[in-house]
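Contents: one structure, followed by commentary.
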Amino acid sequence: MGLMTTMRKRMHIVLWGLLFMFLLSMTIGGLVGGADIVGHLLGRVNPATTIARINDRDISPDLYQNLVNQEIEKVRSTGQELKDFHYQRARNTAWENLLQEVLVSQEVDRLNLTASDEEVLFHLENEPPSFLQQNPSFQSDGNFDQEKYMKALANPEGDEWIPIESFLKNTYIPNFKLQQFLDQSIVIKESDIRTEFKKRNLEFTINAIHITDNAVRSKVSDPSDEDLLMEYNKSKNDFKHEELRNIEYCFWKKEPSKGDSIKAESFAKEIAEKARKGDDFSNLANEFSQDPGNQISNNGGDLGWFKRGRMVKPFEDAAFASNKGTITNPIKSRFGYHIIYVRDKRTNKDGDEEILASHILLKIETSATTLSNLKREATLFSYDAQDIGFNTTADSNKIEIYEQKKLKEDSFSINTLGSFRNAVRFAFQNEINSVSSIMENDSYFAVFKVDSLIPPGITSFDDVKSQLLTKIRRKLEKEATLQKANNLLIEITADGESIGKTKIDKEINVIENETKTLSQGFSSIGRSNFVNGALLSGYPGEIIGPLETTRGHTLLEIIEVSPFDSTEFIVQRETLKKNLFNQKQRQVFESWLDDLKSKASITDNRKYYY
C-alpha cells in the first residue's frame with residue numbers, strides 16, 4: 001500500500017483537478033453566445049450530435065454534460081440541497097470553463113508550444129505544480145514535504161506517475177509557456193510599486209464636500225417626451241431584439257395541504273404529551289426538532305435567555321404568557337409548530353422580563369400524497385387544455401391564468417414561478433396555441449400555452465420609455481452635481497475659507513477631519529480613482545475638485561498626509577510588486593481571452609438541450 005496506493009485511490013480526483021488547474025487560475029471572461037443559425041440550417045452543425053462548435057472543435061452533448069455533472073458534484077459534496085439555480089449555475093460555469101479550455105488549447109497548438117521529456121522531469125523535480133504540493137500524500141502537518149515527495153518520485157510503485165507526466169507534457173507545461181508568453185508584456189515600474197505603497201500605507205486627513213445625486217434630485221426636471229424620443233432614435237441599436245414569445249400559464253404551488261398541517265399538529269401534540277408525562281425534553285428535542293440550529297449542535301432545543309422582540313410573535317406571546325415550568329401546546333408560526341418549555345423567568349437590570357426556554361420545532365412539510373394530488377390535478381388540466389382549449393379549461397376549473405410578455409429565448413425564469421428553463425424551451429420550440437404537458441420546478445407544477453410571437457425588431461419607444469427616463473435623469477443629475485460643486489468652489493475660494501468652515505446645505509454630505517488610507521476610501525465618497533490620483537498629487541492646504549464619484553462630485557481639502565516610511569517600503573516592496581504583477585497578469589489574460597472570443601466562430605446549441 002503506502003503513499004502511491006493513496007495516490008491511485010485519489011487519481012480520478014487529481015486528474016480532474018489537473019485538467020482545469022492551470023486554466024482556472026486565470027480570470028474567466030464572459031460568455032460568447034449565439035447559435036450559428038445559418039450553419040445549423042445548412043446542416044453544418046447538427047444539434048443532435050453537437051452541443052457546441054468552437055472554431056473547428058465539435059463538443060458532444062456527453063462531454064458537456066460530464067462537465068456539468070462535475071460542477072453539480074461540487075455542490076452536492078457541500079451537503080447543500082440541489083435547487084434549479086444550482087443546475088443553471090453549473091451549466092454556465094461548465095460552459096465558461098469549456099470555452100476557455102478549448103480556446104486556450106487551440107492557441108497553444110497555433111503557437112506550437114510543446115514540452116520535452118527533459119522539461120517534464122525538470123518540473124517534477126524542481127517546480128512541482130501546486131496540485132502535487134497540495135496533495136495530502138506529500139504533506140506533513142499541512143505543509144508540502146519535499147523529502148516525502150522526492151522519495152515517492154524516486155520510488156514509484158507502478159505506473160501511477162504516467163498520467164501525471166502525460167498531463168504535464170501535453171497540457172500543463174504548454175499552458176505554462178503560454179502564460180510566460182503573455183507575461184512578457186507585463187512591466188512593473190518602481191513608480192507603480194511606490195504608488196501602491198502610498199495607497200495602502202499613507203494616511204490622508206481631509207475635509208470634503210460630497211454632492212450626491214440625492215442632493216439635486218428634487219431640483220432636476222424630468223426630460224420631455226421629445227427629449228426621450230430623440231435619445232431613443234439615437235440609441236435604437238441598443239434596443240434590437242430577436243424573436244420574442246408571449247405565453248400564458250396556470251400553476252399549482254407545492255405547498256402543504258390542510259391535511260399536512262393537521263398531521264404535523266397532531267404529531268406535535270404527541271411529543272408535547274410525552275414531555276409532560278416525564279420524557280426528557282432535551283432528548284425529545286434532539287430526536288425530533290427540525291430547528292436547523294439544534295440539528296447542528298444537538299443542544300436540546302435550548303434558546304437561552306431572551307426578551308420580547310427576539311422571537312416571532314405567536315411564539316413570543318405563548319412563551320411570555322406561560323408560567324415557569326410550563327410545556328405549551330403546539331404553537332403555529334410561519335416556521336411550523338413549536339413546543340415551548342419555559343424553564344425560568346426573570347427581570348433584567350433594565351426592567352425587561354426575560355425567559356429561559358427550550359423548544360421543539362416541527363415543520364409543516366408537503367407530503368408525498370399532497371404532491372401526488374397536485375400533480376394529478378395539473379396533469380388532468382393539461383389533458384383537458386389540449387383537448388378543449390387552455391382558456392376554456394381554466395375558466396371551467398376557476399383557475400387563474402397568468403401571462404408573461406416578450407419572453408426571450410435565452411431567459412431562464414418565469415414571472416412568479418422563478419427558474420423554469422424547460423418552459424422557455426417549450427415556448428420557442430412549439431407553434432402558437434400549443435399547450436404543454438405538465439412541467440415542474442422546485443416549487444411549482446405548471447402548464448403553459450404559447451400565446452403569440454413577436455418577430456425580430458426594435459423594442460418600441462413606449463416599452464423603453466422608463467428606461468430612457470432613468471438614463472437621461474442620471475445624466476442630468478450628474479451634471480447638476482458638477483454644477484453645484486463648481487458653485488461651491490467659487491464661494492469657498494472667493495471667501496478665502498476652508499471647506500471645514502464653509503456653511504453647507506443639509507442635503508450635502510460633509511466629511512470633517514477624517515483620516516483614512518486611499519485603499520480604505522472615505523465616508524460617503526468611497527474609493528475612487530479620480531480621488532486617489534488627486535490626493536496622491538496634492539499637498540496640505542490645497543482644495544481639490546470637483547472630482548467625479550460614483551454618486552456625484554466632491555471637493556476635497558487636504559489637511560495632513562502621513563510621511564512616507566522608507567524602511568517599511570523596503571519591507572513591503574516585494575509583496576507589493578508580486579501583487580501588482582498578479583493583478584496585471586489577470587488583466588492581460590482577460591484581455592487576451594476576450595480577444596480570442598471576439599474572433600472565434602462559436603455555435604451554441606445548448607438551447608436545444610436545456
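Every heavy atom of this structure was used, including side-chain atoms; hydrogens, water molecules and symmetry mates were not. Position 1 is the first residue of the sequence, and the numbers go up from there.
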Report, as yes or no, whether the 6.0 Å neighbourhood of atom CD on Glu242 holds more than 12 heavy atoms from other residues, nucleotides or ligands. no

Asn397 side-chain N/O to Ile399 backbone N/O, donor-acceptor pair under 3.5 Å: no

Would you say that more than 12 heavy atoms from the other residues, nucleotides or ligands in this model lie under 6.0 Å from the CD of Gln80, or not? yes

Set of residues satisfying ring-ring contact (aromatic ring centres under 6.0 Å, His included) with respect to Phe381, sequence neighbours excluded: Trp252, Phe390

Please confirm whether the backbone N or O of Ser257 pairs with a side-chain atom of Ser261, one donor and one acceptor, at under 3.5 Å? no

I need the Ile432 CD1 to Arg245 CZ distance, nearest 0.5 Å. 5.0 Å

Using a distance-only test with no angle check, is there a side-chain donor-acceptor pair under 3.5 angstrom linking Glu96 and Thr93? no

Go through the side-chain N and O atoms of His359 and Ser289 and say whether any donor and acceptor fall under 3.5 Å apart. no

Assess, by modelled atom type and distance only, whether the side chains of Gln70 and Asn66 contain a donor and an acceptor separated by less than 3.5 Å. no

From CA spacing to verdict: ring-ring contact (aromatic ring centres under 6.0 Å, His included), Phe448, Phe426: CA-CA 8 Å; Phe448 298 86; Phe426 169 81; 7.2 Å; no

Nearest-0.5 Å distance, NZ of residue Lys269 to CD1 of residue Ile339: 11.5 Å

When you check the side-chain N and O atoms of Asp384 and Thr393, is any donor under 3.5 Å from an acceptor? no

Side-chain H-bond candidate by donor/acceptor type, Gln404 with Tyr402, under 3.5 Å: no

Arg421 to Tyr610 six-membered ring, cation-pi geometry met (6.0 Å, 45°): no

Can a donor-acceptor pair be found between the side chains of Gln386 and Ser382 at a distance below 3.5 Å? yes

Donor on one side chain, acceptor on other, Ser519 and Thr517, under 3.5 Å: yes

Sequence neighbours excluded, which residues qualify as ring-ring contact (aromatic ring centres under 6.0 Å, His included) partners of Phe522? none

So the salt bridge (charged side-chain N to carboxylate O under 4.0 Å, His left out) pairs with at least one residue in residues 275-295 (sequence neighbours excluded) are Glu273-Arg276

Assess whether side chain to side chain donor-acceptor pair (under 3.5 Å) is satisfied between Asn441 and Lys83, documenting all intermediate values. CA-CA 9 Å; Asn441 64 6; Lys83 300 288 187 180; over 6 Å; no

Between Thr369 and Ser372: side-chain donor-acceptor atoms closer than 3.5 Å: no

Taking the six-membered ring for Trp, are Phe445 and Phe251 ring centroids under 6.0 Å apart? no

Point-to-point distance, once rounded to the nearest 0.5 Å, from CD of Gln429 to OG of Ser436: 12.5 Å

Is it the case that atom CZ in Arg473 sees more than 12 heavy atoms from other parts of the structure closer than 6.0 Å? yes

Is the ring pair Phe306/Phe315 parallel, tilted or perpendicular, if the boundaries are 30 and 60 degrees? tilted

Measuring only between side-chain heavy atoms, which start at C-beta, is Ser333 closer than 4.5 Å to Met311? no

Lys516, NZ atom: more than 12 neighbouring heavy atoms under 6.0 Å: yes

Spacing of Ile59 atom CD1 and Gln65 atom CD [to the nearest 0.5 Å]: 14.0 Å

Derivation and outcome, side chain to side chain donor-acceptor pair (under 3.5 Å), residues Asn135 and Ser137: CA-CA 5 Å; Asn135 190 292; Ser137 301; 3.0 Å; yes

State, without any angle test, whether Asn348 and Glu354 hold a side-chain donor-acceptor pair at a distance under 3.5 Å. yes

Ignoring hydrogens and angles, state whether a donor on the side chain of Glu514 or Ser523 is under 3.5 Å from an acceptor on the partner side chain. yes

Counting distance only, does the side-chain N/O of Ser266 pair as donor-acceptor with the main-chain N or O of Ile262 below 3.5 Å? no

If we count only N and O atoms by modelled type, under 3.5 Å, do the side chains of Ser419 and Asp84 hold a donor and an acceptor together? no

Classify the side-chain pair Asn323/Lys345 by whether it contains a donor and acceptor separated by less than 3.5 Å. no

Looking at OH of Tyr149 and CD of Gln133, how far apart are the two atoms once the value is rounded to the nearest 0.5 Å? 8.5 Å

Value rounded to 0.5 Å, distance of OG in Ser528 from NE2 in His210: 8.5 Å

Asn92 and Arg89: side chain donor to acceptor below 3.5 Å: no

Polar side chain donor-acceptor pair, His241 to Thr459, under 3.5 angstrom: no

For the rings on Phe144 and Phe138, is their centre-to-centre separation under 6.0 Å? no

Listed by chain and number, what are the ring-ring contact (aromatic ring centres under 6.0 Å, His included) partners of Phe85, not counting sequence neighbours? none

Pairs involving residues 296-311, ordered by first then second residue, that meet side-chain hydrogen bond (donor to acceptor under 3.5 Å, both in side chains) (sequence neighbours left out): Asp302-Arg343

For Phe267, give me all partners under ring-ring contact (aromatic ring centres under 6.0 Å, His included), at least two apart in sequence or on another chain. Phe288

Can you tell me how the ring of Phe281 sits relative to the ring of Tyr341, calling it parallel under 30°, perpendicular over 60° and tilted otherwise? tilted

